[in-house]
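See below for the structure under consideration.
The first residue of the sequence shown is numbered 1, and numbering continues consecutively from there. Below, all heavy atoms of this structure are taken into account, side chains as well, without hydrogens, waters or symmetry copies.
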Amino acid sequence: MVAVLVIVLVNVLISRLKAGEDGGPVSLVGAQGSVTSDVDTAHGEVSLDAATELETRLAFADEPIPQGTRVVVVEQHGARVKVEPVPR
């Protein structure tokens, strides 16, 4: 009887965890930040202002973007992001 109760409780907890927002993939498209290492067509780094971002992200762009430039994420490819300068 106790085993059945434990199984039911575990299933309820698992379903609640799956329904929550924590741990799910988060889209960064539209997030803004700053270039921390020059970005070109192959590599670079950005620091994003998104609350879920604590460290820098690997980034690339269609055109070179110098360090310190404000950027916006236009695409996300796994852990890497494609960025463009924020329009003025």
**Message:** For residues Met1 and Leu9: do they belong to one hydrophobic cluster (side chain heavy atoms under 4.5 Å, members Ile, Leu, Val, Met, Phe, Trp, Tyr)?
**Reply:**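 In one cluster with Met1: Leu9, no.
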For a quick test of reading the model, state the closest non-hydrogen atom pair linking [X] to [Y] and the distance between them.
X	Y	answer
Phe60	His43	CB-N, 4.5 Å
Val83	Val39	CG2-CG1, 4.2 Å
Pro85	Val72	O-CG1, 4.5 Å
Gly78	Arg57	O-NH1, 3.9 Å

**Prompt:** Hey, does Asp62 have a side-chain heavy atom less than 4.5 Å from the side chain of Lys82?
**Reply:**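 Lys82 vs Asp62: side chains touch.
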**Asked** Tell me, do Thr36 and Glu55 make a side-chain contact under 4.5 Å, heavy atoms counted?
**Response**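 Side-chain contact under 4.5 Å: no.
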**Message:** Just verifying a value: how many Å separate Leu28 CG and Asp49 CG, rounded to the nearest 0.5 Å?
**Reply:**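 Answer for the CG-CG pair, Leu28 versus Asp49, is 11.5 Å.
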**Request:** Kindly say whether Pro64 contributes a backbone atom to a donor-acceptor pair with the side chain of Asp40 at under 3.5 angstrom?
**Result:**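 Checking the backbone N and O of Pro64 against the side chain of Asp40, no donor-acceptor pair under 3.5 Å is found.
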**Message:** Using modelled atom types and a 3.5 Å cut-off, is there a donor and acceptor pairing between side-chain atoms of Glu45 and backbone atoms of Ser37?
**Reply:**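 No, the answer is negative, given that no donor and acceptor are paired below the 3.5 Å cut-off.
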